[in-house]
Enquirer: 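One structure coming up, written as structure tokens, with questions to follow.
Read the numbers this way: they start at 1 and go in the same order the structure lists the ligands and their atoms.
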Amino acid sequence: MNRRYLVIIILSGGLLWSLSAGAVDLRSLRGDRPLDAGSKRPARADVILPENGEFKKSYRTHPPMIPHKVDKTRISLKKNQCLKCHGDLEHEEINAPMVSKTHFVNRKGERLGHVSTRYYFCTQCHAPQVDKTPLVQNVFDAGR
Ligand code: HEC
Ligand code: HEC
């Protein structure tokens, strides 16, 4: 057989194999809604509060989950209402836990006099909890 044909056969075999491997399980969190249909607004769910004041952590450095409502708390470029209660100057008066000391360190490892921009958008890491069936099963294992 001509070598060029052999190369084409091998390459197209590889292409078919990779296509079939790629088609394993492409489920989307959007369900079967077409991509151009816009996403559906999730149903409202009431925030649940922890029984003993805080939610159990899954591993040591887990960001604590928020044990109170935050639906009216705004974080924008100009103001961060979380810091009105959790800031280093404000927290004592409110009797709220202060943001972690780690939140004052920038990416160069320097300690700043204010919360670092890396930690400004609190809800990137801290989230309130709702009692809902998870959309996808969580198989995370903290290895303990
Ligand atoms: C009106 C004051 C207030 C505001 C605003 C507020 N918190 Fe809190 N937060 C508290 C208090 C007080 C606690 C202590 C637990 C409790 O009483 O619910 C707390 C607890 C927490 C905890 C748990 C800390 C731990 O060690 O377990 C986290 C995380 C948290 N808040 C994050 C946030 C984030 C993020 C925002 C903004 C989206 C926010 N909070 C806005 C008052 C506030
Ligand atoms: C990049 C992720 C991240 C962001 C963003 C973030 N945090 Fe945290 N936070 C953590 C982690 C992880 C911990 C626990 C470990 C530690 O102390 O660093 C924590 C701890 C805390 C605690 C508990 C402190 C204690 O002493 O127990 C509070 C309160 C808190 N954060 C509030 C906030 C607030 C308010 C903001 C926004 C200004 C914020 N965090 C932004 C990851 C984050």
Enquirer: Flag the pair Leu49 / Val47 as yes when at least one side-chain heavy-atom distance between them is below 4.5 Å, and no otherwise.
Expert: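 The answer is yes, as the side chains (C-beta and beyond) meet within the 4.5 Å cut-off.
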Enquirer: Is there at least one pair of N or O atoms, one from Thr102 and one from ligand 2, spaced under 3.5 Å apart?
Expert: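 In this structure, Thr102 places an N or O atom under 3.5 Å from an N or O of ligand 2.
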Enquirer: Going by the order shown, which atoms of ligand 2 are within less than 4.0 Å of some heavy atom of Asn80?
Expert: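 Those atoms are 38 (C).
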Enquirer: What atoms of ligand 1 come within less than 4.0 Å of a heavy atom belonging to Cys122?
Expert: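 In order of number, 35 (C).
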Enquirer: Taking the side chain as every heavy atom from C-beta outward, state whether Pro128 and His68 have any pair of such atoms under 4.5 Å apart.
Expert: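 No; the side chains remain at least 4.5 Å from each other.
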Enquirer: Output yes when the distance from some N or O of ligand 2 to some N or O of His103 is under 3.5 Å, and no in every other case.
Expert: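 Looking only at distances, the answer is yes, because the N/O contact criterion of under 3.5 Å is met.
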Enquirer: Using 0.5 Å steps for rounding, measure from the SG atom of Cys82 to the CZ atom of Arg74.
Expert: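 So the SG of Cys82 and the CZ of Arg74 are separated by 10.5 Å.
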Enquirer: For atom 8 (Fe) of ligand 1, decide whether some protein heavy-atom distance is shorter than 4.0 Å.
Expert: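 So atom 8 (Fe) of ligand 1 has protein heavy-atom neighbours under 4.0 Å.
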Enquirer: Taking atom CZ of Arg111 and atom OG1 of Thr102, what is their separation to the nearest 0.5 Å?
Expert: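 Between atom CZ of Arg111 and atom OG1 of Thr102 there are 8.0 Å.
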Enquirer: What is the nearest protein non-hydrogen atom to atom 12 (C) of ligand 2, stated with its residue, atom name and distance?
Expert: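 That would be Thr61 O, 3.2 Å.
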Enquirer: Is there a path of hydrophobic side-chain contacts, each under 4.5 Å between heavy atoms of I, L, V, M, F, W or Y residues, that connects Val115 with Met98?
Expert: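 Yes, one cluster joins them.
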Enquirer: Could you tell me the residue and atom name of the protein heavy atom closest to atom 41 (C) of ligand 2, and the distance to it rounded to 0.1 Å?
Expert: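 Ranked first by proximity to atom 41 (C) of ligand 2 is Tyr119 O, 3.2 Å.
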Enquirer: At what distance is the nearest protein heavy atom to atom 13 (C) of ligand 2, and which residue and atom is it?
Expert: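 Ranked first by proximity to atom 13 (C) of ligand 2 is Pro64 CD, 3.7 Å.
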Enquirer: Atom 11 (C) of ligand 2: which protein heavy atom is closest, and how many Å away?
Expert: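 Among all protein heavy atoms, the one nearest atom 11 (C) of ligand 2 is Pro63 CA, 3.6 Å.
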Enquirer: Which atoms from ligand 2 have a heavy atom of Phe121 less than 4.0 Å away?
Expert: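 Near Phe121, the atoms of ligand 2 are 5 (C).
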Enquirer: What are the atoms of ligand 2, with element, lying closer than 4.0 Å to any heavy atom of Leu83?
Expert: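 Once the distances to Leu83 are compared, the set is 38 (C).
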Enquirer: What distance do Arg118 atom CZ and Asn106 atom CG have between them, rounded to the nearest 0.5 Å?
Expert: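 Atom-to-atom, Arg118:CZ and Asn106:CG are 7.0 Å apart.
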Enquirer: Any protein heavy atom under 4.0 Å from atom 18 (O) of ligand 2?
Expert: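 Given the 4.0 Å cut-off, atom 18 (O) of ligand 2 counts as touching protein heavy atoms.
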Enquirer: For the residue pair Tyr120 and Leu77, establish whether any side-chain heavy-atom pair is separated by less than 4.5 Å.
Expert: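 They are not in side-chain contact.
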Enquirer: Which residue holds the protein heavy atom closest to atom 29 (C) of ligand 2, what is that atom called, and what is the gap in Å?
Expert: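 Ranking protein heavy atoms by distance from atom 29 (C) of ligand 2, first comes Met98 O, 3.6 Å.
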Enquirer: Looking at every non-hydrogen atom in both residues, tell me the closest pair between Ala96 and Cys85 and how far apart they are.
Expert: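 Heavy-atom minimum between the residues: CB-O, 3.5 Å.
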Enquirer: Do me a favour and list the nearest non-hydrogen protein atom to atom 16 (C) of ligand 2 with residue, atom name and distance?
Expert: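 Going atom by atom, the protein heavy atom closest to atom 16 (C) of ligand 2 ends up being Ser100 OG, 3.3 Å.
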Enquirer: If you measure from OG on Ser116 to CZ on Arg107, what distance do you get to the nearest 0.5 Å?
Expert: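 Atom-to-atom, Ser116:OG and Arg107:CZ are 8.0 Å apart.
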Enquirer: Spell out, as yes or no, whether a donor-acceptor pair under 3.5 Å connects the side chain of His86 to the backbone of Pro97.
Expert: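 Here the side-chain-to-backbone pair exists.
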Enquirer: Check this for me: Asp71, atom CG, are more than 12 non-hydrogen atoms of other residues, nucleotides or ligands nearer than 6.0 Å?
Expert: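 Check passes, neighbour count above 12.
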Enquirer: Distance from Phe55 atom CZ to Ile48 atom CD1, nearest 0.5 Å?
Expert: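 Between atom CZ of Phe55 and atom CD1 of Ile48 there are 5.0 Å.
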Enquirer: Checking a contact table here: which protein heavy atom is nearest atom 2 (C) of ligand 2, and how many Å away?
Expert: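 Minimum-distance protein heavy atom for atom 2 (C) of ligand 2 reads Cys125 SG, 1.9 Å.
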Enquirer: Under 4.0 Å from a heavy atom of Thr73: which atoms of ligand 1 are those, numbered in the order shown and with their elements?
Expert: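 It comes down to these atoms of ligand 1: 37 (C), 38 (C).
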Enquirer: Nearest 0.5 Å, what's the CG-NE2 distance between Asp88 and His103?
Expert: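 Between atom CG of Asp88 and atom NE2 of His103 there are 12.0 Å.
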Enquirer: For atom 8 (Fe) of ligand 1, state how many protein N, O or S atoms fall inside a distance shorter than 2.8 Å.
Expert: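 Counting protein N, O and S atoms closer than 2.8 Å to atom 8 (Fe) of ligand 1 gives 2.
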Enquirer: Just to confirm my output: which protein heavy-atom neighbour is closest to atom 21 (C) of ligand 2, and how far is it?
Expert: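 Of every protein heavy atom, His126 CE1, 3.5 Å lies nearest to atom 21 (C) of ligand 2.
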Enquirer: Under 4.5 Å between any side-chain heavy atoms of His126 and Pro64, yes or no?
Expert: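 Yes - at least one pair of side-chain heavy atoms lies under 4.5 Å apart.
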Enquirer: Cluster question for you: counting only ILVMFWY and a side-chain heavy-atom cut-off of under 4.5 Å, with indirect links fine, are Phe104 and Tyr119 together?
Expert: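 Yes; Tyr119 is reachable from Phe104 via cluster members.
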Enquirer: Which ligand 1 atoms, with their elements, are less than 4.0 angstrom from a heavy-atom of Gln81?
Expert: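 Answer for ligand 1: 5 (C).
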Enquirer: Identify, by atom number and element, the atoms of ligand 2 in contact range of Tyr120, meaning under 4.0 Å from any of its heavy atoms.
Expert: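 Every atom of ligand 2 under 4.0 Å from some heavy atom of Tyr120: 37 (C), 38 (C).
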